[in-house]
Amino acid sequence: MSEVRILGIETSCDETAAAVVADGRRILSNVVASQADLHARYGGVFPEVASRAHIEAAVPVIQEALDRARTTWEDLAAIAVTVGPGLVGSLLVGVNLAKGLALGRGLPLIPVNHLEAHIYANWLESDEGSPPDFTFPVLTLIVSGGHTELLLMRGHGEYRYLGGTLDDAAGEAFDKVGRLLGLPYPGGPSIEKAAARGNPARFRLPRAWLEGTYDFSFSGLKTAVARLIQQRDIPGPWVPDLAAAFQEAVVDVLATKTVAAAQEYGATAILLSGGVSANQALRAAVRRRAAVPVYFPPPALCTDNAAMVAACGYFRYCAGVRAGWDLDVEPDLRLA
Ligand code: KG4
Ligand code: ZN
């Protein structure tokens, strides 16, 4: 059978991205235009600014993805696009563009859930090689700017929700604490960098264990950091130490619950995904504690991109999923 090439389009938040992926695994191109600089001065994503930036970037980004992949419209089997969850105005740009392109080029259109796409980043080949054919069930932790969810994946497209955050997402907590510490946006990478020079033992921060559940809560931790900062008498340079203590607290809870869930549900592997899974301390902690193999995408595929959308779209395509021309965005879409 000949190769199935899918064009993925992603505009759910503040990255305008397009990619061409072969057979759900091989990345032929992966173009990401980040708006981070545009939003940095607001300390977060400004929805109105994001939609407008997507409109400007989308067509050139898609063209570049096709060019770099040396792929013509005739070579494509389908177009996969993120329909949610995400910012409604941003999603609308990608979905409407994908619809127009699919209609104009006579290609099938595949709707993709952004959260599911994050998981499928684990199926993509990288410099480290090709991931195995996973044996289900696998345990997946999605940790991003908008989501923190533990799911049992029983097969392609089959999820059981085990738990998630009751307040802030893990990435949101990194971003908010980054701002409190006066570090550049987004907070995740800034905190990780600062923490590398810090001593986490200097501050004792709370962990919300929510015993007996696979749920998370990070707002108390954020408040504890804010309270410490308000005590203006912390002597010496303390930002790296507080960043390290915060990161350690988040990682401790995420790793403990992920490993426990994998064990309870007999998962054959743990798959980390989402922007926060780029964090080296999180990756190391889960690997150290888990009894089963732990996988995570390379950092560039942890954060928002369209290769993961095309990979996920491939498995949907193979399952016969096709969108109608009435396809709409689903800003509050969930998995399972
Ligand atoms: O998956 P993503 O790119 O977008 C969403 O779907 O939300 O995740 C972005 C989030 C941001 O909150 C960012 O601070 C966080 O991922 N992040 C990190 C790291 N890199 C990105 N958090 C911790 N450590 C990192 N190295
Ligand atoms: Zn994302």
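Counting starts at 1 for both ligands and their atoms, in listed order.
Distances shorter than 4.0 angstrom do not occur between any heavy atom of Gln247 and any atom of ligand 1. The shortest heavy-atom distance from His147 to ligand 1 is not under 4.0 Å.
Considering Val81, Leu327, Val329 in turn, Leu327 is the only one that fulfils the side chain to side chain contact (heavy atoms under 4.5 Å, CB included) rule with Pro111. When each of Ile229, Asp175, Leu228 is paired with Leu180, the side chain to side chain contact (heavy atoms under 4.5 Å, CB included) condition holds for Ile229 and for no other.
At a threshold of 4.5 Å between non-hydrogen side-chain atoms, the residues Leu91 and Val83 do not count as touching. Inter-residue side-chain proximity for His114 and Met308 is flagged as met; some heavy-atom pair is nearer than 4.5 Å. Glu116 places none of its side-chain heavy atoms less than 4.5 Å from the side chain of Phe315.
Contacts between Glu15 and ligand 1 below 4.0 angstrom, taking non-hydrogen atoms only, are absent altogether. The proximity of His114 to ligand 1, defined as any non-hydrogen pair under 4.0 Å, is limited to the side chain.
Ranking protein heavy atoms by distance to atom 24 (N) of ligand 1, first place goes to Asn279 ND2, 3.0 Å. Residue, atom and distance of the protein heavy atom nearest to atom 14 (O) of ligand 1 are Asp175 OD1, 2.7 Å. In this structure, atom 2 (P) of ligand 1 lies nearest to the protein heavy atom Asp304 OD1, 3.4 Å. For atom 17 (N) of ligand 1, the closest non-hydrogen atom of the protein is Gly275 O, 3.5 Å. Looking from atom 22 (N) of ligand 1 to the surrounding protein, the closest heavy atom is Gly188 CA, 3.3 Å.
Figure legend: cation-pi geometry between Arg25 and Tyr314 absent, as NZ or CZ is not positioned both under 6.0 Å from the six-membered ring centre and within 45° of its axis.
Between Ser219 and Asp168, the side chains place no donor N or O within less than 3.5 Å of an acceptor N or O (distance only, hydrogens not considered).
Numbered from 1 in the order shown, with element, the atoms of ligand 1 that lie under 4.0 Å from a heavy atom of Thr303 read 3 (O). For ligand 1, the atoms closer than 4.0 angstrom to any heavy atom of Ser144 are 1 (O), 5 (C), 6 (O), 7 (O), 8 (O). Below 4.0 Å from some heavy atom of Glu192 lie the following atoms of ligand 1, by number and element: 24 (N), 25 (C), 26 (N). Residue-ligand proximity, Gly146 to ligand 1, at heavy-atom distances under 4.0 Å covers atoms 7 (O). Near His118, with a cut-off below 4.0 Å to any heavy atom, the atoms of ligand 1 are 1 (O), 6 (O). Listed by atom number, the atoms of ligand 1 under 4.0 Å from Gly171 heavy atoms are 12 (O).
The atom of Asp304 nearest to the Zn ion (ligand 2) is OD1, with the search restricted to N, O or S atoms.
When Pro85, Ala36, Gly145, Pro189 are ranked by how near their heavy atoms come to atom 9 (C) of ligand 1, first place goes to Gly145.
Not a single N/O/S atom of Cys13, whether from backbone or side chain, sits less than 2.8 Å from the Zn ion (ligand 2). For the Zn ion (ligand 2), the N/O/S atoms of His118 include one lying under 2.8 Å.
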Pair Glu15, Asn305 - check side chain to side chain donor-acceptor pair (under 3.5 Å), show working. CA-CA 7 Å; Glu15 326 280 351; Asn305 65 84; over 6 Å; no
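Side-chain rings of Phe134 and His156 stay apart, their centers remaining 6.0 Å or farther from each other. Taking the six-membered ring for Trp, Phe246 and Phe174 have ring centres closer than 6.0 Å.
Atom CD of Gln263 has 12 or fewer heavy atoms from other residues, nucleotides or ligands within 6.0 Å.
Remark: Arg52 does not engage Glu56 in a salt bridge, criterion side-chain N to carboxylate O under 4.0 Å.
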